[in-house]
J.: 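For reference, the structure I am asking about is given below.
Atoms considered below: every heavy atom in the structure, side chains included; atoms not considered: hydrogens, waters and symmetry mates.
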Amino acid sequence: MVNDSLHQLTEEWNFHGLTTASNTTPRQLWIEGMLSNSNTDLVAVTEVLEDVQSGFSDYGIDDDGPSPALQTCNEVSVPQCPILLSDEQNTD
């Protein structure tokens, strides 16, 4: 239950627009950073891009093609906590 909620929170966070970054999402910023550093010798960037290229080479991804539209579901469901607190605990 907690892991599901954390996964959904992560998904919502990664796809919400940031007002300080011209409404781009954290995921878009990460991808932009990876692509802008793709021709560098930075180990972290190189490893990620190698994993992507080896894992998706059979799917016909066109790196120069148009970007797909951003799809989000801006609805987060937080389950009710099964722990009941006393009136005294609620006031502390």
Side-chain angles (χ1 to χ4, degrees):
M1 179 163 84
V2 172
N3 284 338
D4 291 338
S5 295
L6 289 173
H7 176 72
Q8 182 154 1
L9 174 66
T10 302
E11 289 296 311
E12 293 298 324
W13 173 262
N14 287 336
F15 289 97
H16 88 284
L18 300 171
T19 56
T20 57
S22 301
N23 253 5
T24 54
T25 68
R27 185 170 191 270
Q28 288 171 322
L29 291 172
W30 183 83
I31 290 171
E32 182 180 316
M34 294 301 288
L35 292 175
S36 67
N37 290 298
S38 63
N39 293 324
T40 66
D41 291 331
L42 298 173
V43 175
V45 175
T46 305
E47 287 179 358
V48 169
L49 293 176
E50 284 173 358
D51 288 347
V52 169
Q53 289 171 352
S54 65
F56 295 112
S57 61
D58 296 336
Y59 292 100
I61 291 179
D62 181 5
D63 291 331
D64 297 322
S67 299
L70 180 63
Q71 297 177 355
T72 63
C73 174
N74 296 322
E75 191 174 306
V76 177
S77 173
V78 179
Q80 186 161 350
C81 180
I83 300 171
L84 299 176
L85 300 176
S86 68
D87 290 336
E88 183 179 316
Q89 291 171 319
N90 278 326
T91 58
D92 288 341

J.: Are the side chains of Val78 and Ser5 in touch, meaning some heavy atoms are under 4.5 Å apart?
T.: no
J.: Taking atom CD of Glu12 as the centre, report whether more than 12 heavy atoms of other residues, nucleotides or ligands fall under 6.0 Å from it.
T.: yes
J.: Any idea which heavy atoms bring Leu49 and Ser38 closest together, and the distance?
T.: CD1-CB, 3.4 Å
J.: Which heavy atom of Thr46 sits nearest to which heavy atom of Thr40, and what is that distance?
T.: OG1-O, 3.9 Å
J.: State plainly whether one hydrophobic cluster holds both Met34 and Leu42, where clusters connect Ile, Leu, Val, Met, Phe, Trp and Tyr through side-chain heavy atoms under 4.5 angstrom apart.
T.: yes
J.: To the nearest 0.5 Å, what is the distance between CG on Asn37 and CD on Glu32?
T.: 10.5 Å
J.: At what distance, to the nearest 0.5 angstrom, does CG of Asn3 lie from CD of Gln8?
T.: 13.0 Å
J.: If every non-hydrogen atom of Leu85 is compared with every non-hydrogen atom of Gln89, which pair is closest and at what distance?
T.: CA-OE1, 3.3 Å
J.: For Asp41, does the CG atom have more than 12 heavy-atom neighbours from other residues, nucleotides or ligands under 6.0 Å away?
T.: no
J.: Write down the atom of Trp30, the atom of Val48, and the distance for their closest heavy-atom approach.
T.: CH2-CG1, 3.8 Å
J.: Do Leu18 and Phe15 share a hydrophobic cluster (ILVMFWY, side-chain heavy atoms under 4.5 Å, transitive)?
T.: no
